[in-house]
Structures are given as C-alpha cells and as structure tokens.
A.B. asks: 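So that we are looking at the same thing, I have put the structure below in structure tokens.
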Amino acid sequence: QKCGFSELYSWQRQRKTKQEFCLHDGPPYANGDPHVGHALNKILKDITNRFYMMRGYKVHYVPGWDCHGLPIELKALSEVKGAENLSPMEIRQRAREFAERAIEKQKSAFIRWGVMADWANCYRTFDPKYEANQLRVFYKMYDKGFIYQDYKPVFWSPSAKTALAEAELEYNEQHVSRSVYMKFPLLKSPPKLTSVIDGSSPASLLVWTTQPWTVPANQAVCYMPDSTYSIVKCTTTGEHFILAADRVESTAAVLDTQFEVMSTCKGVDLADGSCAHPTIPGRVSPLLPANHVTMAKGTGLVHTAPAHGMEDYSVASHHQLPTDCLVDEGGFFTEAAGPELQNKNVLGEGNEAVIQMLQAAGSLLKEEKYVHSYPYDWRTKKPMIIRASKQWFVNTASVKATAQEVLKKVKVIPTSAVNRMLEMLDRRTFWCISRQRCWGVPIPVFYQKNTGECLINSETITGVIKIVEQHGTDAWWTLPIEQLLSKEAVAKAGGHDVLDYVKGQDVLDIWFDSGTSWAHVLEGTE
C-alpha cells in the first residue's frame, strides 16, 4: 500500500500514449467463495495486462460480476424457510443480497492477489445503467429480426419450472428409463399394401419408446421412406406386425418370441396409412415419412408427440397436426390429459399410469429398464423433459455465417477449440433466451389480455429503459402498468387502453446478461 501498488491501474491510465490495450473481463458469477478457477482466470488476465503496460500501452480493464440467474436465486432461497411463499420482490431482494455478499468476498480476494484494476469502479449486471444498456441491445436485435417469440418444444426443467438452453444441460450416462414396446392397431391399410394386408388378420405397427408418458400426446407414427419394412407373423400369438426389416430379429428376441416374415416393402409404401392410438379410443394416428427415424435401436417406427420432441414438432408443423402440450410447468399432467392422468408427475406416477393404460388397452407388449444418456438440469441435478411452450429465441441461424467467418479471424489457443465452436454454431439454429423465474432482467414485453398478442415498439422500450435507468429492473415488479406503458405507445400499436395489457413474466437468460456486457463496459472504446 505504501508503494502505491493499489494505484497502479489509475497511474498507467494517465500516461500520455496513443497505444491502448483493451481486455474485456467476462464476468465471474456472483454465487460463491473465490476458488482456483477464479485465480487462474484473474491472474492470467493480469499477466497479460501487465505485459502490455510494460510495453508502453495504456490498459483498459474493467472487472465485473454476473449477478442474476437461477443458481443465485436457488442458493438464496435455500437459506429461507417457506421460500415457496415469497413474493417475486422478496425473492429478488434476497437474491440481490446474496450476490452482493459473494461479490465482496471475491473482490477482496482479487485485490489480495494483486490484480491490477480500478476496484472502486467495477460493473455489476444488476446495476441500473447496465440493465438499461442490456434492454437497448435486446430491442435492437428484436427490431432487426434476430429475436422472436414462438411456440415450440424446448428443454424444460420441471424442478426449476423454467425453460433452459442446450448449454445449460448436463448428461447422465447412467439414467434409467422405463422403455416400452407397444402396438398401434392398423386402421387404414396403406394402399400399396392392401394385397398383403387384407384385413382378415388384424395387423399393428410395433413401436418402441423410452418415454411412455408422452404417449397421450401422440399424433402420428413415423417411418423412414427409404428403409425396408417387414410384415411379420408372431408365432406365439398369431398377430401380424409391421416393423423395420433390420429390427425384426432383435425385436423378436426382446419380446421372447419368433417372427415369421410374410412380406417386405419400402417405407414409402406405408404412405397414406393410419392406425389407432394405443390408449385413446377414437383417435387416429397417421403414418408419416420422417428423416429422423433411426434403425440403430427400437423398431424403425417412431411414436411422434409434437409437444415433446423437436423432430416430432417439425413433422407436425409440416403436416398441420395438433401440437398441444398436456404437461404443466412443474412436470404434471394437466386437466386436458384426462382424469386418469391429471396432476400426476410425468417422470413418476404419471409415467406408471400411462404404462398401466397401455396394459389395460392390450397395447403393451413389453416393458423393460433402459440405461442411456439423458439430459439433466445442471443446477438442480434433476431430469429434464422436452415440453412445448411459448418462449423467446435468438435466431442464431441468421447470424451463423457471419459468426463463423469472424471466428476464423480470431487466434484461439488451443486451435482445436475453434472447430468445436464452429460445429456448435452449425448445430444450434436457435437460442432460447426466456426464463420463467424472477431474479433477472425482465423481457420488456406487454401482452394483450384477451389475445395474448405481444406489444413492443420503440415507444414502449424507450419508456421502460428510462424507468430502469432511474430505478433498476425492480420497477418492472413494483410499478403499476400505467407507469410502465404509455397511452401513446398503446395508441401506436392500435390499442385503446393501457389496462387491456399485462406485463410479461419472463426474464432473460443470464448468458444474455453477460453476453451484452460489451455494450456497457466498452462504451466509448475503440
């Protein structure tokens, strides 16, 4: 302290030199004590900064913290009895206090390690000015068409009651599912198979799934058009089944029976056929072509539930099938699933109930445990589901080519990491940025009460940003809608009354928080 060590950063910023080196500090997360990961990050950055300083550069380095998000919210609530009864503002206050304590612990460690910075002027993602800049970036992206709202299946955490992005998952290689082999009775024989299936002996499609709870949402059975399928006779029961030719032997072994192949056909020959839903009387499931059908496991025929699978949803969209979701935010069947399933957890007793329904309908051929890789919530460490819901997305496909070209110009060590990034950009066509929690920056959108139509324009966002700059994002929860949404903004959208609208309840993914840090920290730098 006597030698002015703590003033080193401000001293070098005052040097008269045109050379400037800027190192933007991606913020550490404010949810715990400092650890070796923090040391590695901060010390390597400090070595880099000092190297450039000693070469005569002025160094621009502003440390900061990522302060919102589910991990902080969960840790803060774990300290409270009856946390489920807290209001959103009570949760936000406790989460903020937790983050502030973590920041002070981490900051004192970074100072003790001798990291060169202006520690009196750090940035925090819950600071009002930071949040306002973040909302400006959000609206610019929305205005350019990079952000949109849509209803489609997303990874959903029942334990946290929120959507998650693919990057927030971890995979349990030893997850055990209750897989089932079931039959879908053929109702309408595909025209090209009428000579083979004459109706004198009933035939069924043989289908396998690891997620029986999704069967009530079934809308179709998919096949691979270019693959070969067999019509077989079960020597045990005399029933006729249709399944992929490559899966006949292995499926017969699993079912502890023998199949006699009566005829074969191409997948395309199954076109225009339909079958009966295995548990819901009167519902018809069409046979549809799809390229996601695999021959590596199962029967080569895929049960298709549009609300619970990305590929399933694509098939449904193409063929205009219903995409209704029968599962609520907590992972329980809704009233629409019927009285036998309502309020049952899909990963527990709901799954068991569906299996029992298959058994009662005579549709269940075999149930067995299946060990496989399965997505878990990386924070709660509990299983995920795929669930259709209305969310906000970044259209990463529209910026993919530009991002890939820019990334090729970046020097990355080790170079192998570049290929991994390029592959990731190629694979992920969208990024789900909405979260159903309250500790975060709100998505600044209003919804028409009757239609659900969203309202966001230059007038609405300007008004919200002005309030956030003064009061922070707490204002979204504390102020009445009349103070957040102006009559002029409503009139511009063709509306009549501010009270016809409600505030959105979603917050932004924290990766969006830290991902927009440049807009605040690098403001005015080149």
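All of these numbers come straight from a predicted model, not from anything done at the bench.
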A.B. asks: What residues form a salt bridge (Lys or Arg N to Asp or Glu O under 4.0 Å) with Asp127, not counting sequence neighbours?
C.D. replies: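 In terms of salt bridge (Lys or Arg N to Asp or Glu O under 4.0 Å), with neighbours along the sequence ignored, Asp127 is linked to Arg124.
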A.B. asks: Not counting sequence neighbours, which residues clear salt bridge (Lys or Arg N to Asp or Glu O under 4.0 Å) with Glu84? List them please.
C.D. replies: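 For Glu84, no residue satisfies salt bridge (Lys or Arg N to Asp or Glu O under 4.0 Å) once neighbours in sequence are set aside.
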A.B. asks: Does Tyr139 use its side chain to pair, donor to acceptor, with the backbone of Pro444 at less than 3.5 Å?
C.D. replies: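 No, Tyr139 side chain to Pro444 backbone: no donor-acceptor pair under 3.5 Å.
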A.B. asks: Could you tell me which residues satisfy salt bridge (Lys or Arg N to Asp or Glu O under 4.0 Å) with Arg387, sequence neighbours excluded, listed by chain and number?
C.D. replies: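 Expected list: none.
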A.B. asks: Run the ring pair (Phe, Tyr, Trp, His ring centres under 6.0 Å) test against His24 and tell me which residues pass, sequence neighbours left out.
C.D. replies: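 Testing His24 for ring pair (Phe, Tyr, Trp, His ring centres under 6.0 Å), a comparison that skips the adjacent residues, returns none.
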A.B. asks: Lys408: what forms a salt bridge (Lys or Arg N to Asp or Glu O under 4.0 Å) with it, not counting sequence neighbours?
C.D. replies: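 Counting only residues at least two positions away or on another chain, Lys408 forms a salt bridge (Lys or Arg N to Asp or Glu O under 4.0 Å) with Glu405.
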A.B. asks: Kindly state each residue pair satisfying ring pair (Phe, Tyr, Trp, His ring centres under 6.0 Å) with at least one member in residues 67-105, sequence neighbours excluded.
C.D. replies: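 Found His68-Trp439.
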A.B. asks: Spell out, as yes or no, whether a donor-acceptor pair under 3.5 Å connects the side chain of Asp46 to the backbone of Met116.
C.D. replies: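 Checked: pair present.
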A.B. asks: Can you name the ring pair (Phe, Tyr, Trp, His ring centres under 6.0 Å) partners of His303, sequence neighbours left out?
C.D. replies: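 His303 satisfies ring pair (Phe, Tyr, Trp, His ring centres under 6.0 Å) with no residue once adjacent residues are dropped.
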A.B. asks: Hey, are Asn133 and Lys129 close enough side-chain-wise for a donor-acceptor pair under 3.5 Å?
C.D. replies: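 No, because no side-chain N or O of Lys129 sits under 3.5 Å from a partner of the opposite role on Asn133.
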A.B. asks: Compute whether any side-chain donor of one residue and acceptor of the other, for Asp509 and Trp431, lie under 3.5 angstrom apart.
C.D. replies: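 There is such a pair between these side chains.
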A.B. asks: Parallel, tilted or perpendicular: which describes the rings of Tyr376 and Tyr374, with under 30° parallel and over 60° perpendicular?
C.D. replies: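 It falls in the perpendicular class, over 60°.
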A.B. asks: Please tabulate, for side-chain N and O atoms in residues 314-321, each donor-acceptor pair with protein atoms closer than 3.5 Å (sequence neighbours left out).
C.D. replies:
from   : atom 1 : to     : atom 2 : distance (Å)
Ser314 : OG     : Met310 : O      : 3.3
Ser317 : OG     : Tyr313 : O      : 3.0

A.B. asks: Taking side chain to side chain donor-acceptor pair (under 3.5 Å) as the test, write out the residues that go with Lys400, two or more places apart.
C.D. replies: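 Side chain to side chain donor-acceptor pair (under 3.5 Å) check on Lys400 returns Asp426.
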A.B. asks: Quick check with a 6.0 Å cut-off and a 45 degree axis cone: is Lys152 positioned over the face of Phe393's six-membered ring?
C.D. replies: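 Pair Lys152/Phe393 counts as cation-pi.
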A.B. asks: Please work out whether the ring planes of Tyr370 and Trp208 are parallel, tilted or perpendicular, with thresholds of 30° and 60°.
C.D. replies: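 It falls in the perpendicular class, over 60°.
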A.B. asks: State whether the side chain of Gln448 and the backbone N or O of Thr451 hold a donor-acceptor pair below 3.5 Å, judged by distance alone.
C.D. replies: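 Yes, because the side chain of Gln448 sits within donor-acceptor range (under 3.5 Å) of the backbone of Thr451.
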A.B. asks: With ring pair (Phe, Tyr, Trp, His ring centres under 6.0 Å) as the rule and sequence neighbours excluded, what pairs involving residues 466-491 come up?
C.D. replies: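 Applying ring pair (Phe, Tyr, Trp, His ring centres under 6.0 Å) to every pair that reaches into residues 466-491, excluding sequence neighbours, yields Phe446-Trp476.
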A.B. asks: For residues 454-470, run the donor-acceptor check on the side chains, cut-off 3.5 Å, and write out each pair with its distance to 0.1 Å, sequence neighbours left out.
C.D. replies:
from   : atom 1 : to     : atom 2 : distance (Å)
Asn457 : OD1    : Glu459 : N      : 3.0
Asn457 : OD1    : Thr460 : N      : 2.9
Ser458 : OG     : Lys492 : NZ     : 3.4
Glu459 : OE1    : Lys492 : NZ     : 2.9
Thr460 : OG1    : Asn457 : N      : 2.9
Thr460 : OG1    : Asn457 : O      : 2.9
Thr462 : OG1    : Ser458 : O      : 2.6
Glu469 : OE2    : Arg136 : NH2    : 2.7

A.B. asks: Hey, is the main chain of Ala519 close enough, under 3.5 Å, to the side chain of Thr516 for a donor-acceptor pair?
C.D. replies: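 Absent.
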A.B. asks: Taking atom types as modelled, find out whether Ser159 and Thr380 have a side-chain donor-acceptor pair closer than 3.5 angstrom.
C.D. replies: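 Judged by distance alone, the side chains do pair up.
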A.B. asks: Quick one: list whatever passes ring pair (Phe, Tyr, Trp, His ring centres under 6.0 Å) with Trp392, sequence neighbours left out.
C.D. replies: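 Applying ring pair (Phe, Tyr, Trp, His ring centres under 6.0 Å) to Trp392 gives none.
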A.B. asks: Could you verify whether a donor N or O on one side chain and an acceptor N or O on the other, from Gln391 and Asp150, lie under 3.5 Å apart?
C.D. replies: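 Per modelled atom types, Gln391 and Asp150 side chains form no pair under 3.5 Å.
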